[in-house]
2 protein chains.
Amino acid sequence: MFAVQRGTPMATQPMATGRPATIHDIAALCGVAASTVSRALTNPERVNIRTRERIQAAAVELNYTPNSQAKALSSGKTGAVGVLVPDITNPFYFDLIRGTQLQLKAAGYTQLLVDTEESDEVEASTLEQLRKSADGVIVAASRLNDEALAAAAARMPMVTVNRDVDGVPAVIIDTPSAMPQALDHLISLGHTSVAYVSGPAVSQSSARRWIALSEAAEERGVDVRRIGPFAPKTQSGAAAADAAVHSGVTACIVFNDLIAIGMLQRLRERGLRVPEDMSIVGCDDIFGADFCNPPLTTMSSPIEQAGRVAVSMLLAQLNPLAGGGNRNRSVMPTHLTVRGSTGPVPST
Amino acid sequence: MFAVQRGTPMATQPMATGRPATIHDIAALCGVAASTVSRALTNPERVNIRTRERIQAAAVELNYTPNSQAKALSSGKTGAVGVLVPDITNPFYFDLIRGTQLQLKAAGYTQLLVDTEESDEVEASTLEQLRKSADGVIVAASRLNDEALAAAAARMPMVTVNRDVDGVPAVIIDTPSAMPQALDHLISLGHTSVAYVSGPAVSQSSARRWIALSEAAEERGVDVRRIGPFAPKTQSGAAAADAAVHSGVTACIVFNDLIAIGMLQRLRERGLRVPEDMSIVGCDDIFGADFCNPPLTTMSSPIEQAGRVAVSMLLAQLNPLAGGGNRNRSVMPTHLTVRGSTGPVPST
DNA sequence: CAGCGATTGGCAATCGGTTGTCAAATGCGT
DNA sequence: ACGCATTTGACAACCGATTGCCAATCGCTG
C-alpha cells in the first residue's frame with residue numbers, strides 16, 4: 001500500500017490551490033487534532049518533537065500561512081501598528097515612514113499608514129478605529145490637545161513623535177537645542193536682526209523652536225521677531241518671504257524646510273538674492289534641502305532613525321518581557337548643516 | 001420604576017470603558033439578540049424601524065465600532081488594500097501613495113503600505129501574505145516577471161501601476177508618448193546628439209521610454225545613444241553625469257527626476273553649466289523638480305491621480321455591482337514641462 | 001373571527017485560530 | 001511489576017461578527 005507521498009515534485013511545487021491552507025488541512029494531513037497543530041506552531045516545546053516535525057513539514061508542504069484575521073480575533077493581537085502623520089505629502093514624514101516601515105517589517109509587524117490631514121477630528125476617530133485593528137500606534141506631530149492625547153494613550157500603546165505629553169512615551173527630535181547654534185551662526189555672519197518664521201499655531205514643535213530661539217536671542221542681545229503662522233507647505237513660503245522682507249530682517253530661521261524652500265523661490269522671483277540680501281535657515285534637512293537653489297542651511301534631523309526608535313519603543317511596550325529600561329522618552333540630537341542659503345549680512 | 005435613562009450627560013459623553021463595545025453590548029442594552037443588532041446595522045431594511053432606531057441609538061451611545069477583524073473573519077472581506085511600492089523613499093511614490101490613500105479612505109478602506117525594497121522575493125512573499133489580509137492590491141512598478149505577476153493577479157484582485165501584463169488591470173502613466181515631445185524640444189534647441197540615461201534593467205517603464213525615444217529619434221534622424229542602467233536614486237546621478245559627459249552628447253533625457261537631479265549636482269561640481277554645457281530632461285516631475293538648480297525640464301505625470309485611478313479600478317473589481325465598463329487599462333497622459341535645465345546647444 | 005401571507009426576531013453554525021481542561025500515554029523510581 | 005508524576009494529544013469554548021433557517025408575530029382579507 002502506498003503511503004501519501006511527500007517530497008514529490010507536486011509537493012515541492014505546491015500549485016496555487018483555490019484556498020489557502022488552514023491548520024485543519026495540516027491536521028488532516030498529519031492525522032492529529034487542529035489544536036495540536038496550533039500548539040506545534042506557536043508553542044513548539046509543548047509538543048512531541050516527532051509530531052512537531054511532521055506538522056512543520058506538512059505546513060511547509062501546504063504552503064501554510066496563518067490567517068492574521070483569525071489570529072487577531074482569538075489572540076487579541078493584530079500584528080499591525082498604525083502610523084499617523086498629519087500630511088503624507090510632507091517629505092519630512094517620508095523619512096519617518098521609511099524608518100517605521102523598515103523597523104516594523106523587521107519585527108514582523110504590518111504598518112497601517114494614515115494621513116490625518118492635519119485634522120484633530122480625523123486623528124481622534126482614526127485612533128479610535130485603530131484601537132481594535134492595531135496593537136499600537138505611532139503618532140507624529142499630533143494635532144490633538146494634551147488631554148485627548150493622554151486619554152488615547154491610556155487606551156492603547158502609543159508612542160508620539162515630536163510631541164511631549166506626560167505619561168506618553170515620545171521620540172523628540174531635539175531641533176530646539178540646535179537653535180542657539182543656528183543663531184550663533186547667523187550672528188557670526190553679522191546678522192543682528194532675525195525673524196522666526198513660525199509653523200502652524202497648533203504645532204508644538206513650532207512653539208518649542210520659538211521658545212528656544214527667543215531665549216537664545218535674549219541671552220545674546222539679538223533682536224528676534226516672530227512672523228507667521230504659516231502652513232508647512234512650500235506654497236506658504238511666498239507669504240512668509242514677503243512678510244520677512246517687509247519686517248526688515250536680514251536673516252530668517254524658518255519652522256521647516258518646506259516653507260524655507262518656498263521662501264527661496266519667492267525671494268528669487270522678487271529679485272532678491274539669497275544669501276546676499278537675505279539669509280535663510282531651515283529645519284529638518286528634508287529631501288530637497290541639499291539641491292534647492294541655493295542649497296539650504298538647515299538643522300539636520302535623524303528623521304528615519306527617529307522612526308526606528310519610535311517603533312522600538314512601541315515594541316518594548318507591546319512585549320514587556322524583553323528585560324530592562326523602558327525608556328519613555330528618547331531625544332534625537334540634531335545639528336546645523338551650513339549650506340549656501342546663509343551668508344554675511346548685507347553691507348548696506 | 002426608572003427606565004434606563006438615555007441621553008443623560010454620562011451617555012452623551014461616553015467615558016472610555018475598558019473594552020470597546022460589541023454588538024452583544026448593544027443587544028443586551030436593547031433586549032434583543034445579537035444577530036438582530038448585526039442585521040439592523042448592516043441590513044437596516046430587514047429590521048423593524050422602531051427596533052432599528054433603538055439599536056442605532058444604542059450603538060451611538062456605546063460608541064460602537066465594528067471589530068474589523070471579526071468582520072473580516074466571518075465575511076471574508078478585510079476592508080484593507082495593500083499598496084506595494086519598490087522604494088518608499090522615492091518621491092515618485094509619495095504622490096502615488098497619497099493618491100491611493102485619499103481614494104481608499106474615501107471608500108472606507110484601509111491602506112496597507114509595503115516597501116518591497118526593489119526585491120522580487122519580498123514582493124512575492126508580501127503578495128502571498130496579503131492574499132489573506134487584504135481584499136486587493138495595487139502594485140506599483142512591479143519587479144516580478146510577467147508570469148508571476150499574472151499568477152498573483154489570478155489569486156486576488158490586483159491593479160498594477162506602470163506595468164502592462166495581459167489580463168492584469170493596469171494604470172499606465174504614458175511617459176513614452178511624451179518622449180517625441182521632449183526630443184523635439186531638444187531638437188528645436190539645436191541638439192543632435194542626445195543620450196538616454198536608463199533606469200533599472202528590470203524596469204519596464206525604463207524600457208518603454210527607451211523604445212519610444214529611439215523610435216522618435218530614428219524618425220527624426222537624430223543620434224540617441226543609451227547609457228546606464230542606473231539605480232533610481234540621486235546618488236546614481238553622479239555616475240550618470242560622468243557617463244553622459246564622456247559620451248560627448250549635448251543633452252540627456254533621463255529615466256527619472258531623481259537621477260536627473262543627481263546629475264545636475266554632479267555637473268555643477270565638475271564645473272559644467274546646465275543648460276549652457278549640457279541640457280537635461282527628466283521624467284515624472286516629482287517634488288523638487290521645480291526648485292532644484294536649475295529647475296528641471298521634465299515630463300510631468302499626474303501621479304497622484306494615477307493612484308486614485310488605480311484605487312477606483314480596484315474597487316470596481318471588488319464591487320462589480322456598480323454597473324458598467326470595467327476598464328482594465330487606464331492610460332494617464334503626460335506632457336513636457338520646460339524649465340531651466342534645457343537650453344540651446346553649446347555654440348562651440 | 002379565522003386563515004393566510006408577509007414580515008421580523010432569534011437560534012445556531014461558521015470563519016480560523018488560541019487556550020484551558022482533561023484524559024491517555026509515557027517514563028521513572030522503587 | 002506497580003504506582004505516581006509528567007508529558008502529550010484531543011476536545012471544546014471562545015474571540016466578534018455574519019447569515020441561513022425557522023418560528024413567532026403582525027396585519028390583512030374574506
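Chain naming here is simple, since letters A, B, ... match the order of the sequence lines and numbering starts at 1 in each.
- Of the candidate nucleotides C:dT18, D:dT8, C:dC11, C:dC11 has the atom lying nearest to any side-chain atom of B:Arg39.
- Closest to the side chain of B:Ser35, from the set C:dG10, D:dT18, C:dG17, is C:dG10.
- For B:Arg163 and B:Asp146, the salt-bridge test passes: some basic side-chain N is under 4.0 Å from an acidic carboxylate O.
- The nearest whole Å value for the distance from the CD1 atom in B:Ile23 to the P atom in D:dC14 is 16 Å.
- Closest to the side chain of A:Ser74, out of D:dT8, C:dG17, D:dG16, is C:dG17.
- Listed candidates were C:dG10, D:dA17, D:dC15. Nearest to the side chain of B:Pro66 is D:dA17.
- When each of D:dG9, D:dA17, C:dT18 is scored by its nearest atom to the side-chain atoms of A:Thr42, the top-ranked nucleotide is C:dT18.
- Mapped onto DNA chain C by nearest heavy atom, B:Val32 and B:Ser75 fall at different nucleotides, with B:Val32 at the one closer to the 5' end.
- Here C:dG10 is the nucleotide among C:dG10, C:dT19, C:dG16 with the atom lying nearest to any side-chain atom of B:Thr36.
- If you run side chain to side chain contact (heavy atoms under 4.5 Å, CB included) between A:Leu84 and each of A:Leu112, A:Leu127, A:Asp115, only A:Leu127 comes through.
- Picking from C:dT18, D:dA17, D:dG9 the nucleotide with the shortest atom distance to the side chain of A:Asn48 gives D:dG9.
- In this structure, the CD atom of B:Gln69 is 13 Å from the C1' atom of C:dG16, given to the nearest Å.
- Put simply, NZ on B:Lys77 is 17 Å from C1' on C:dT14, counting in whole angstrom units.
- We find that A:Glu117 and B:Lys105 are joined by a salt bridge, their nearest charged nitrogen and carboxylate oxygen being less than 4.0 Å apart.
- Neither OP1 nor OP2 of C:dG16 sits under 4.0 Å from any side-chain N or O of A:Tyr64.
- Taking a cutoff of 4.0 Å between a charged side-chain nitrogen and a carboxylate oxygen, B:Glu53 and B:Arg50 do not qualify as a salt bridge.
- For C:dG9, the OP1/OP2 oxygens have a side-chain nitrogen or oxygen of B:Thr51 closer than 4.0 Å.
- Residues B:Ile49 and B:Ala70 both approach DNA chain C. Their nearest nucleotides, taken by heavy-atom distance, put B:Ile49 toward the 5′ side.
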